[in-house]
K.L.:
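Here it is, the structure, as structure tokens.
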Number of protein chains: 2
Amino acid sequence: MTIARTPTRNRGNRRAEILDAAARLFAARGFHGVSIEDIGAAVGVSGPALYRHFAGKEALLAEMLLDVSSRLRESAAAVVTSVATPAASSAETLDALLDVQITFALEQPALITVHDRELGNVPEPHRRRIRRLQRLYVEEWVTVLAELHPGCPAARLRAATHAVFGLLNSTPHSAGELPARDMRPLLRAMARAAVDAAVNVR
Amino acid sequence: MTIARTPTRNRGNRRAEILDAAARLFAARGFHGVSIEDIGAAVGVSGPALYRHFAGKEALLAEMLLDVSSRLRESAAAVVTSVATPAASSAETLDALLDVQITFALEQPALITVHDRELGNVPEPHRRRIRRLQRLYVEEWVTVLAELHPGCPAARLRAATHAVFGLLNSTPHSAGELPARDMRPLLRAMARAAVDAAVNVR
DNA sequence: TCGAGATGTTAGTCACCGTTAACGTAACCG
DNA sequence: CGGTTACGTTAACGGTGACTAACATCTCGA
């Protein structure tokens with residue numbers, strides 16, 4: 001009664017399934033608080049089966065964070081190069097960036113959480129690449145903010161960007177307070193106001 | 001050549017020293033990423049010496065989080081009952097609350113980080129008490145915000161409060177970007193603007 | 001002075017965890 | 001068919017880590 005699937009198809013699904021379950025577990029209990037056995041159990045296989053799909057626990061985390069930071073960075077790059085036509089204002093580009101981050105935070109809360117907590121557990125070959133992608137992502141924001149307010153020192157723009165990420169990424173912790181339908185405009189308004197205030201201090 | 005101290009004095013100092021070191025380590029590597037041996041080494045004693053001061057690793061964490069949430073809740077309560085005289089506006093009370101949280105986030109970044117990440121590792125007798133204190137703290141904020149904007153639904157105020165905490169607590173992660181002297185007014189301005197935006201959505 | 005308490009130490013013990021080994025099974029492909 | 005490949009399983013191994021036991025030292029008060 002099972003539907004036949006190509007091995008490749010199965011493999012990809014299983015990998016994705018594992019990454020998804022692991023993300024949720026890591027977000028809830030931390031990397032070291034989750035065992036290989038836990039992750040296996042969460043997808044219905046048990047323990048060492050994971051080694052058919054990943055080289056190890058750290059490799060699993062590395063792939064997860066690499067995927068997240070790539071997607072964020074790509075989305076931001078796409079926004080900047082497509083929305084930011086000469087006609088579009090920097091303000092509109094910023095709104096588009098905000099939407100990218102808000103969508104991500106609301107739809108993938110576990111991934112966002114792991115993304116900014118567990119980089120320290122990624123071994124060095126991949127760690128640098130992830131750092132690089134994260135930095136590029138931040139720089140997209142800083143560039144747009146700098147266009148929007150040329151007089152503002154870059155250090156303050158960077159700090160403001162991190163603060164806005166903190167605001168938006170706090171969603172996972174306050175989940176359930178408000179339906180996502182209301183959360184999105186709320187976050188957008190708060191983040192927008194915070195950014196405006198940041199470039200206008202003093 | 002060693003200066004004589006009362007045992008009680010020594011004990012208190014050592015306990016505080018351990019809590020401080022543990023907070024930094026937990027913030028950096030997560031509760032399960034830090035060993036008893038690590039904590040001991042950080043204060044110059046080694047391993048099981050900690051059991052002279054704490055019942056165990058979880059008890060240490062419990063005391064740490066209990067202390068943090070008590071202090072936050074007390075500071076907030078003090079602000080509300082002393083600043084919020086009939087003469088003072090709710091806006092001024094809110095600014096005072098903001099200052100409490102900003103000071104805490106800037107001066108005790110490790111504690112703040114552990115405070116909103118590691119509650120899940122506290123065993124049940126104390127977990128409830130910490131949760132209760134955290135909830136009371138949030139409610140102080142919500143009450144002040146509600147006075148400030150009576151029409152706004154409480155759920156949105158709560159969500160906004162959590163978002164502001166996220167903004168302010170992100171400081172530890174962007175540490176070094178900006179000197180604390182500049183960080184404080186920046187955070188104050190951003191948080192103030194975010195709050196105002198939250199109660200005025202739509 | 002001497003016994004008690006506070007505070008260390010080192011040497012175990014025991015559980016858990018990441019990883020590997022050895023082995024089974026079902027599907028696909030020549 | 002028969003063999004390779006994908007994907008599981010259980011059993012073991014080695015390391016680590018929380019916690020305990022047994023033992024030292026130092027200070028202080030009676």
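Throughout, a chain's letter reflects where its sequence line sits, starting with A, and its residues are numbered from 1.
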K.L.:
Does the distance from a Lys or Arg side-chain N to an Asp or Glu carboxylate O, for A:D182 and B:R156, drop under 4.0 Å?
P.N.:
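No.
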K.L.:
Run the salt-bridge test on A:D95 and A:R188 with the 4.0 Å N-O cut-off and return the result as yes or no.
P.N.:
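A salt bridge is absent here (no side-chain N lies under 4.0 Å from a carboxylate O).
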K.L.:
Under 4.0 Å between a Lys/Arg side-chain N and an Asp/Glu carboxylate O for B:R128 and B:E124?
P.N.:
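Salt bridge flag = yes for B:E124 with B:R128.
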K.L.:
Using the six-membered ring wherever Trp is involved, compare the ring planes of A:F165 and A:W141 and label them parallel, tilted or perpendicular (cut-offs 30° and 60°).
P.N.:
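Perpendicular.
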K.L.:
Strictly under 4.0 angstrom, non-hydrogen atoms only: write out the protein contact profile of nucleotides 14-26 of chain C, one letter per nucleotide from the 5' end, B, S or -.
P.N.:
---SSBB-BB---
K.L.:
Which of these nucleotides, D:dT9, D:dC7, C:dT9, is closest to any side-chain atom of B:A49?
P.N.:
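Closest nucleotide to the B:A49 side chain: C:dT9.
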K.L.:
Using whole Å, report how far CG of A:L50 lies from C1' of D:dT9.
P.N.:
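In whole Å, D:dT9 C1' and A:L50 CG are 13 Å from each other.
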K.L.:
Nearest-Å distance, CG (A:N13) to P (D:dA6)?
P.N.:
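The distance from CG of A:N13 to P of D:dA6 comes to 16 Å, rounded to the nearest Å.
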K.L.:
Does this structure show an ion pair linking A:E17 with A:R14, if we count only N-O contacts that are shorter than 4.0 Å?
P.N.:
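Here A:E17 pairs with A:R14 in a salt bridge, since their nearest N and O are under 4.0 Å apart.
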